There are 4 protein chains.
Amino acid sequence: MTSGQRKSIPGRPRSDTTRQAILDAALELVGEVGYPRTTVDGIAQRAGAGKQTIYRWWSGKAEVVLEALTSNAARAIPLPDLGDLRSDLYAFLRATFRAGRRAGIVPVLKALMAEAQLDEAFAEAFRTRFLEHRREALAQLLRQYPDQLRTSEAVALDVVFGALWYRGLVGHAPLNDALARELTDLLT
Amino acid sequence: MTSGQRKSIPGRPRSDTTRQAILDAALELVGEVGYPRTTVDGIAQRAGAGKQTIYRWWSGKAEVVLEALTSNAARAIPLPDLGDLRSDLYAFLRATFRAGRRAGIVPVLKALMAEAQLDEAFAEAFRTRFLEHRREALAQLLRQYPDQLRTSEAVALDVVFGALWYRGLVGHAPLNDALARELTDLLT
Amino acid sequence: MTSGQRKSIPGRPRSDTTRQAILDAALELVGEVGYPRTTVDGIAQRAGAGKQTIYRWWSGKAEVVLEALTSNAARAIPLPDLGDLRSDLYAFLRATFRAGRRAGIVPVLKALMAEAQLDEAFAEAFRTRFLEHRREALAQLLRQYPDQLRTSEAVALDVVFGALWYRGLVGHAPLNDALARELTDLLT
Amino acid sequence: MTSGQRKSIPGRPRSDTTRQAILDAALELVGEVGYPRTTVDGIAQRAGAGKQTIYRWWSGKAEVVLEALTSNAARAIPLPDLGDLRSDLYAFLRATFRAGRRAGIVPVLKALMAEAQLDEAFAEAFRTRFLEHRREALAQLLRQYPDQLRTSEAVALDVVFGALWYRGLVGHAPLNDALARELTDLLT
DNA sequence: TCGTAACCGAGACGGTACGTCGTGTCTTCAG
DNA sequence: CTGAAGACACGACGTACCGTCTCGGTTACGA
């Protein structure tokens, strides 16, 4: 019955207060001065924490920011359910794009994607702890209408998130409702 | 009236030998130790050049690598012309993906895209000196068959390059002929 | 009957096992890696003790090592008594130097003397709990022959221990029998 | 005739301004907050120098302070020459003790001696660049009167500097004229 | 032919951030 | 209250790159 009740581990337990302070400080700093000018020292100082404490639980600022992003917000965009793929997909894309435009998360996400290119270990973390969740959300939506899609699920996901990230990263065109419209039309 | 032709500038002219040595050294180093562990010092040392010489002509390692990439190779993938969009687009995508898989340029491109996220000035350079060229190549192809495309040219470009970059950056799936096939089918 | 001795203090009494384990661990570590690379953490770990336990009873590694040194050994060099100052002093010095050369205590003493320079509180402890004992031993010897000494007792002590420590700390010359001989001749 | 003209070394030459600024800053800081609380960062900051510049030329704060001490001052106590050993030695000792009492160099010297105990490399530097100079000064004096000394030159030096350092390091008694008198009487 | 000016190599410089280490305090659970 | 365990705030360390600077030395051109 796996009655496994937690073996009480010895020693002082991790301070959740400090953990939260660090995550908050990270988000604040990133918001104020931007990701590249955010430093581990800076986060520690603002959080009233020691640098060591940060390095004990995270491997660097990228991981801290990633966790801050994914934990502070149960940032779930609710999946629409309007009965057909066209409507649901359009609603999903509009909502996603709008969420991106609203808060200052987009530059942070771009920076994390950048970090992932420069640091293989972080790439893995970013993929499994962030990207795949988003992918899975859309995948669930698509799976509801298996035969209304003009291409395979995998390619549909790559097309949607590809266009999304590509416009975001390159910045040559906005993520607006028109794009949502066109992608929807293309895929259904 | 200084009739417009270049006044011969005084002083020692720029050494093209050195320029080439720097670009070569940059590519070599990036190939050997990867972009993040490549340093301006390292490039200078390997090229037998002074650091100042690099900073005189480029703004940093990103620009050097970018120029090395775009200059060393007349890296033109010849545009196919098989008579219809389906064939041309498929050929184009296959050739592009294969070029990417072959040499070690892909990690470098990923790194440059990363750099562009962290440095606005370089982002501009990367966009105009690299990304737009690729975009324009495909755009020319698409413009030959204005009515065989299932979406606008702009979105088609974003879909193609989006999927391409997304798979490349995230690395969750390969850039293979199957993707070329599916994208072609989707867009035509 | 508990007649009037120590009121029994509440709580768990100090573990003498642990105390000894800490002192032993300290001496071992100092012997193995040297004083500067010995850390409080290291001592605690090797002793199977908590750091807090160390800080509860000592003020830092210097005090631990000092106590280890002075307690583990009833390191009394027996005072010679040969009947005249020359013989006694020479015997004393020879024995002292030899004791120093034998075991690995000398580097530790040097390190403690160093620590005393950097930490006023420890300087006091080192002086009263170690240095003065040695001084007092020789002083007793000297006082037996008050009129065979060519200088005051205080200066004689400083000359003997001065030369001793000076050669030990600087290391430009050995603490050998020749020195014992010359010092004896000089002082008597 | 060994006409050895300096081979011109390439690169920017070492900045003597910076070197001096660092040495000055080191002495100031040591004077203000004491040696143990002086940090390399602190020195660099006050000198307006980069930390790297310090580590390029010295191995740590101990070496910087040592050089500051030995270079900033042609701190030569002039050798007395009064015609006989008793007078000269007494004069030398009095002058030495007084010099020590006057400025705040004594604590620094104690700290350097401490450092030498904890760092073998620095010990060597301290010995050859400081201690031996002092030794040699007194040795010269002694050598003028080879037969007025009651012991060998080497032991005389150890007795004098031994008593001096011992009283300085332990601090149980002052370095005063009485000690100078007694040492002189003992040795002559 | 000689001066001026920009080039080039080398490498020192001021600076910022990094990640690690040791200290001494604290907070948990177990005796 | 002691003690093991270990997290915590703090502060210094030494290193790595950055982008700028300052040397001596080298081309080129034009006076």
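The structure presented is a predicted model; accordingly, all values stated were derived computationally and were not measured. Chain A is the first sequence line, chain B the second, and so forth, proteins listed ahead of strands; every chain is numbered from 1. Values below: every heavy atom of this structure, side chains too, minus hydrogens, waters and symmetry copies.
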Check your understanding: Between the base of F:dG6 and the side chain of C:Lys51, is there any donor-acceptor pair under 3.5 Å?
Key -> no
Review point. Does the base of F:dA16 carry an N or O that pairs as donor and acceptor with the side chain of D:Gln52 under 3.5 Å?
Key: yes
Practice item. Taking all non-hydrogen atoms of both residues into account, name the closest pair between A:Leu112 and A:Phe122 and its distance. Key: O-CE2, 3.3 Å
Exercise for review: Please report the closest heavy-atom contact between A:Ile43 and A:Leu29, naming both atoms and the distance.
Suggested key: N-CD1, 3.5 Å
Output the rounded distance in Å from [atom1] ([X]) to [atom2] ([N]).
| X | N | atom1 | atom2 | result |
| --- | --- | --- | --- | --- |
| A:Ile9 | E:dT27 | CD1 | C1' | 13 Å |
| A:Asp16 | E:dT28 | CG | P | 12 Å |
| A:Arg19 | E:dT27 | CZ | C1' | 19 Å |
| B:Ile43 | F:dG19 | CD1 | P | 11 Å |
| B:Gln45 | E:dC8 | CD | P | 18 Å |
| D:Trp58 | F:dT15 | CH2 | P | 16 Å |
| C:Glu63 | E:dT23 | CD | P | 14 Å |
| A:Ile54 | E:dT20 | CD1 | P | 13 Å |

Is there a side-chain polar atom (N or O) of [X] under 4.0 Å from OP1 or OP2 of [N]?
| X | N | value |
| --- | --- | --- |
| B:Arg14 | E:dA6 | no |
| D:Ser8 | F:dG24 | no |
| C:Thr18 | F:dA4 | yes |
| B:Arg12 | F:dC29 | no |

Review point. Who passes salt bridge (Lys or Arg N to Asp or Glu O under 4.0 Å) against C:Arg129, sequence neighbours left out?
Key: C:Glu63
Study note, to complete from the structure: Comparing nearest nucleotides in DNA chain E, the 5'-proximal residue of the pair A:Tyr55, D:Ser15 is D:Ser15
Exercise for review: For B:Gly50 and for D:Gly50, locate the closest nucleotide of DNA chain E by heavy-atom distance; then report the residue assigned to the nucleotide nearer the 5' terminus.
Suggested key: B:Gly50
Review point. Looking across every strand, which nucleic acid part, if any, lies under 4.0 Å from D:Gly48 by heavy atom: base, sugar-phosphate, or nothing?
Key: sugar-phosphate
Check your understanding: Looking for any heavy atom pair under 4.0 Å, which part of the strands does C:Trp57 touch: base, sugar-phosphate only, or nothing?
Key -> sugar-phosphate
Practice item. Name the closest nucleotide to the C:Thr53 side chain, picking from F:dA4, F:dC18, E:dA17. Key: F:dA4
**Study point:** Candidate nucleotides E:dC29, F:dC13, F:dG3, ranked by approach to the side chain of D:Lys61 - the nearest
**Key:** F:dC13
Practice item. By nearest nucleotide on DNA chain F, pick out whichever of C:Ala44 and D:Gly42 is the more 5' one. Key: C:Ala44
Study note, to complete from the structure: Whichever of A:Gly11 and D:Pro13 has the more 5' nearest nucleotide on DNA chain F, that residue is A:Gly11
Review point. Does A:Tyr35 have A:Lys61 sitting over its ring (NZ/CZ under 6.0 Å from centre, angle to axis within 45°)?
Key: yes
Exercise for review: Answer yes when D:Lys110 and D:Glu115 have at least one side-chain N-carboxylate O distance shorter than 4.0 Å, and no when they do not.
Suggested key: no
Review point. With the threshold set at 4.0 Å, does a side-chain nitrogen-carboxylate oxygen contact exist between B:Arg37 and B:Glu32?
Key: no
